[in-house]
Student: 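This structure is in structure tokens; I'll ask about it shortly.
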Amino acid sequence: MRLGLALGYWGRGPNPAHVQLAQEAERLGYDSVWTAESWGSDVFTPLTWIAAQTSRIKLGTAVAQMAARSPTTTAMHALTLDHLSGGRMMLGLGLSGPQVVEGWYGRPFPKSPLTATREYVNVVRQVLRREAPVELAGRFHSHPYTGPDATGLGKPLKPITHPLRADLPVLLGAEGPKNIAQTTRIADGWLPLYWSPTRPEVYEASLTDAPEGFLVAPMAQVRVCDDVREGLLPVKTMLGFYIGGMGHARRNFHADLMARMGYEEEARRIQRLFLEGRREEAVLAVPDAFADEISLVGPRERIAERLELWRKGPVTDLLALAPDRDTLRVLAELNS
């Protein structure tokens with residue numbers, strides 16, 4: 001199982017420690033470093049900054065939001081950074097949810113998310129292969145555009161720049177069973193949001209047709225500390241925000257996933273408290289057991305024991321949300 005460093009997205013401003021953490025991860029032998037975006041900092045600029053100050057570590061987006069860019073724009077970002085980094089780019093894509101897509105990007109959330117994702121990946125693949133001009137008679141991503149307001153002058157084009165790699169890895173952040181199953185057919189890997197090594201049955205059916213070499217790269221908060229309960233608080237804070245606030249009461253993919261993982265009553269309670277403005281109560285309502293099974297928190301010996309569970313399943317890459325160099329070092333030592 002390879003290790004990656006997940007840095008997430010910026011909060012109020014850039015984290016001055018991110019480049020140093022990426023450099024330390026590279027020194028320790030980590031395979032990859034990953035950035036993210038929500039409705040603030042973008043995913044590619046920090047990754048480019050890190051690329052310029054590292055030399056070996058792979059560079060991933062977890063995830064680049066599809067609504068933020070047309071698929072050809074995303075492919076341009078990926079092929080450009082792949083060239084500049086010497087072939088280290090890994091493109092992780094995600095659809096996000098209706099609140100972000102419509103509220104932030106000002107675009108309609110697709111009525112058929114599976115079709116929209118499939119078309120998006122198709123166009124990205126065409127750009128990276130550069131075998132012919134990009135053409136797709138799609139429902140969401142037609143190339144050339146032929147909508148009712150089109151001029152009719154659109155011309156199929158292929159990139160001026162020759163991509164460094166036609167097989168640049170494309171991974172998808174997917175949560176629903178059908179979306180995960182499609183991911184095994186159209187992508188090179190999957191970026192699970194929550195992964196529990198003690199509940200393989202949650203995803204087992206969706207991964208049945210995963211081909212050989214398919215990447216399974218979940219994120220997990222990792223923290224070496226003496227007090228497990230205290231160490232789980234940042235995990236619970238993240239879960240409270242995502243399950244309670246990252247989606248509408250009627251449509252929250254994160255809450256639905258928690259429910260499928262055996263915590264339906266707790267997920268709905270967290271949602272209710274968060275939406276009522278009782279955010280601290282929502283965080284405290286996150287069960288310690290759930291926060292614990294999707295993270296690696298506690299003394300070194302405890303993390304070593306639990307790490308064995310992650311190695312036994314289909315996970316190929318563990319993307320660690322690790323807050324400090326000591327945690328990065330301990331994880332590297334335990335995984336060696």
Student: Please confirm whether the backbone N or O of A282 pairs with a side-chain atom of R272, one donor and one acceptor, at under 3.5 Å?
Tutor: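 No, the answer is negative, given that no donor and acceptor are paired below the 3.5 Å cut-off.
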
Student: Using the ring-ring contact (aromatic ring centres under 6.0 Å, His included) rule, collect all pairs that involve residues 126-156, keeping only residues at least two apart or in two chains.
Tutor: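 Every ring-ring contact (aromatic ring centres under 6.0 Å, His included) pair that includes a residue of residues 126-156, provided the two are not neighbours, is Y120-H141.
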
Student: Taking it one step at a time, do W195 and I294 satisfy side chain to side chain contact (heavy atoms under 4.5 Å, CB included)?
Tutor: CA-CA 5 Å; W195 179 272; I294 65 169; over 6 Å; no

Student: For M238, look at atom CE and say whether over 12 heavy atoms of other residues, nucleotides or ligands are found less than 6.0 Å away.
Tutor: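 It does: M238 CE has more than 12 such atoms within range.
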
Student: Between P71 and M66, is any pair of side-chain heavy atoms under 4.5 Å apart?
Tutor: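 Counting from C-beta outward, P71 and M66 never come under 4.5 Å.
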
Student: Just so I know, are the side chains of I243 and V286 near enough to count as touching, which here means a heavy-atom distance under 4.5 Å?
Tutor: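 No, too far: nothing below the 4.5 Å cut-off.
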
Student: Do other residues, nucleotides or ligands put more than 12 heavy atoms under 6.0 Å from E201 CD?
Tutor: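 Enclosed.
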
Student: Testing the 3.5 Å rule here: is there a donor-acceptor pair between the side chains of T73 and S70?
Tutor: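 A donor-acceptor contact under 3.5 Å links the two side chains.
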
Student: Enumerate, atom names and distances included, each donor-acceptor pair closer than 3.5 Å involving a side-chain atom of residues 219-231, sequence neighbours excluded.
Tutor:
| unit_1 | atom_1 | unit_2 | atom_2 | d |
| --- | --- | --- | --- | --- |
| Q221 | NE2 | P234 | O | 3.4 |
| D227 | OD1 | R229 | N | 3.1 |
| D227 | OD1 | E230 | N | 3.1 |

Student: Without swapping roles, check the side chain of E26 against the backbone of S55 for a donor-acceptor pair under 3.5 Å.
Tutor: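 Between the backbone of S55 and the side chain of E26 there is a qualifying donor-acceptor contact (under 3.5 Å).
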
Student: Between W39 and Y9, is the ring centroid distance below 6.0 Å?
Tutor: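 Between W39 and Y9, the centre distance exceeds or equals 6.0 Å.
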
Student: Given 3.5 Å as the limit, does a donor-acceptor pair link the side chain of R199 with the main chain of M261, or not?
Tutor: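 Confirmed, R199 side chain pairs with M261 backbone.
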
Student: Do the charged groups of R268 and D256 touch, with an N to O distance under 4.0 Å?
Tutor: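 Salt bridge between R268 and D256, a charged N being under 4.0 Å from a carboxylate O: yes.
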
Student: Please confirm whether the backbone N or O of E204 pairs with a side-chain atom of T208, one donor and one acceptor, at under 3.5 Å?
Tutor: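 A pair under 3.5 Å: yes.
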
Student: Which residues pass the side chain to side chain contact (heavy atoms under 4.5 Å, CB included) test with E305, not counting sequence neighbours?
Tutor: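 E305: no side chain to side chain contact (heavy atoms under 4.5 Å, CB included) contacts found.
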
Student: Rounded to the nearest 0.5 Å, what's the gap from OG1 on T327 to CD on E24? Could you check?
Tutor: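 With rounding to 0.5 Å, OG1 (T327) is 11.5 Å from CD (E24).
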
Student: With a 4.5 Å cut-off on side-chain heavy atoms, are L215 and W190 touching?
Tutor: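 Not in contact.
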
Student: Output the distance between atom CD1 (I270) and atom CG (L275), rounded to the nearest 0.5 Å.
Tutor: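 Atom-to-atom, I270:CD1 and L275:CG are 11.5 Å apart.
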
Student: Output the distance between atom CG (L239) and atom CD (E266), rounded to the nearest 0.5 Å.
Tutor: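 It is 12.0 Å, given to the nearest 0.5 Å.
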
Student: Please check if atom CZ in R302 has more than 12 non-hydrogen atoms from other residues, nucleotides or ligands closer than 6.0 Å.
Tutor: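 Yes, the 6.0 Å shell around CZ holds more than 12 heavy atoms from other groups.
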
Student: With sequence neighbours excluded, tell me which residues meet salt bridge (Lys or Arg N to Asp or Glu O under 4.0 Å) with D188.
Tutor: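 Partners of D188 by the salt bridge (Lys or Arg N to Asp or Glu O under 4.0 Å) criterion, ordered by chain and then number, come out as R125.
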
Student: Just to verify, which of P108, P113, S96 counts as forming a side-chain contact (heavy atoms from CB on, under 4.5 Å) with V101?
Tutor: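 Result: among P108, P113, S96, S96 is the only option passing the side-chain contact (heavy atoms from CB on, under 4.5 Å) with V101.
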
Student: Spell out, as yes or no, whether a donor-acceptor pair under 3.5 Å connects the side chain of Q271 to the backbone of A255.
Tutor: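 Such a contact is absent between Q271 side chain and A255 backbone.
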
Student: Donor-acceptor pair, E37 side chain versus V43 backbone, under 3.5 Å?
Tutor: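 Present.
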
Student: Do L328 and D324 pass the side chain to side chain contact (heavy atoms under 4.5 Å, CB included) test, and can you show the C-alpha distance, the side-chain angles, and the key distance before you say yes or no?
Tutor: CA-CA 7 Å; L328 285 178; D324 58 80; over 6 Å; no

Student: From L59 CG over to L47 CG, what is the distance, rounded to the nearest 0.5 angstrom?
Tutor: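 Here the rounded value is 4.5 Å.
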
Student: Do NZ/NE/NH1/NH2 and the carboxylate oxygens of R129 and D167 come within less than 4.0 Å?
Tutor: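 No, no charged N to carboxylate O under 4.0 Å.
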
Student: Could I get the full list of salt bridge (Lys or Arg N to Asp or Glu O under 4.0 Å) partners for R118, not counting sequence neighbours?
Tutor: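 With sequence neighbours excluded, R118 shows a salt bridge (Lys or Arg N to Asp or Glu O under 4.0 Å) to no residue whatsoever.
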
Student: Is there a side-chain contact between V33 and I50, using heavy atoms and a 4.5 Å cut-off?
Tutor: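 Yes, their side chains come closer than 4.5 Å.
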
Student: For residues Q126 and N122, is any side-chain donor paired with an opposing acceptor at under 3.5 Å?
Tutor: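 Note: Q126 and N122 side chains meet the donor-acceptor criterion.
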
Student: Of the non-hydrogen atoms in P144 and K155, which two are nearest, and what is the gap between them?
Tutor: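 Shortest heavy-atom contact: CG-C, 3.9 Å.
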
Student: Quick check on side-chain contact (heavy atoms from CB on, under 4.5 Å): which of V216, L171, L172 does L191 satisfy it with?
Tutor: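 Of the listed options, the one satisfying the test is L171.
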
Student: Roughly how far, to the nearest 0.5 Å, is CH2 of W34 from CE of M90?
Tutor: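 With rounding to 0.5 Å, CE (M90) is 4.0 Å from CH2 (W34).
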
Student: Using a 4.5 Å cut-off on heavy atoms from C-beta on, say whether the side chain of D31 contacts that of I57.
Tutor: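 No. Closest side-chain heavy atoms not under 4.5 Å.
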
Student: Judged by atom type as modelled, is there a donor-acceptor pair below 3.5 Å linking the side chain of S85 to the main-chain atoms of A51?
Tutor: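 No: the side chain of S85 does not pair with the backbone of A51.
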
Student: Stepwise, does the side chain to side chain contact (heavy atoms under 4.5 Å, CB included) test hold for T80 with T161?
Tutor: CA-CA 8 Å; T80 301; T161 304; over 6 Å; no

Student: Of all the heavy-atom pairs spanning S206 and P177, show the shortest one and how long it is.
Tutor: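 Shortest heavy-atom separation between S206 and P177 comes out as OG-O, 3.1 Å.
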
Student: Could you go through T61 and V63, starting from their C-alpha distance and side-chain angles, then the distance that decides it, and tell me whether this counts as side chain to side chain contact (heavy atoms under 4.5 Å, CB included)?
Tutor: CA-CA 5 Å; T61 56; V63 292; 5.8 Å; no

Student: Look at the side chain of H18 and the backbone N and O of T35, then say whether any donor-acceptor pair between them is shorter than 3.5 Å.
Tutor: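 No, the answer is negative, given that no donor and acceptor are paired below the 3.5 Å cut-off.
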
Student: Nearest 0.5 Å please: distance from the CD atom of E119 over to the CD1 atom of I186.
Tutor: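 So the CD of E119 and the CD1 of I186 are separated by 10.5 Å.
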
Student: Taking only residues at least two apart or on different chains, which pairs with a member in residues 310-319 satisfy side chain to side chain donor-acceptor pair (under 3.5 Å)?
Tutor: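 For residues 310-319: R2-D317, E308-R311, R311-N335.
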
Student: Check this for me, if you would: do D82 and R88 make a salt bridge, where the nitrogen-to-carboxylate-oxygen distance has to be below 4.0 angstrom?
Tutor: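 Salt bridge absent between D82 and R88.
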
Student: Take a 6.0 Å sphere around CD of E280 and say whether it holds more than 12 heavy atoms from other residues, nucleotides or ligands.
Tutor: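 No, the 6.0 Å shell around CD holds no more than 12 heavy atoms from other groups.
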
Student: Hey, is R306 close enough to E293 for a salt bridge, meaning N to O under 4.0 Å?
Tutor: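 Salt bridge: no.
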
Student: Does T54 use its side chain to pair, donor to acceptor, with the backbone of R56 at less than 3.5 Å?
Tutor: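 No: the side chain of T54 does not pair with the backbone of R56.
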
Student: Assign the ring pair H77 / F44 to parallel, tilted or perpendicular, where the plane angle (0 to 90°) is split at 30° and 60°.
Tutor: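 Correct class here is parallel.
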
Student: Output yes when a side-chain donor or acceptor of R260 lies under 3.5 Å from a complementary backbone atom of V202, and no otherwise.
Tutor: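 It does not hold such a pair.
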
Student: Any side-chain heavy-atom pair from Y242 and F274 closer than 4.5 angstrom?
Tutor: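 Not in contact.
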
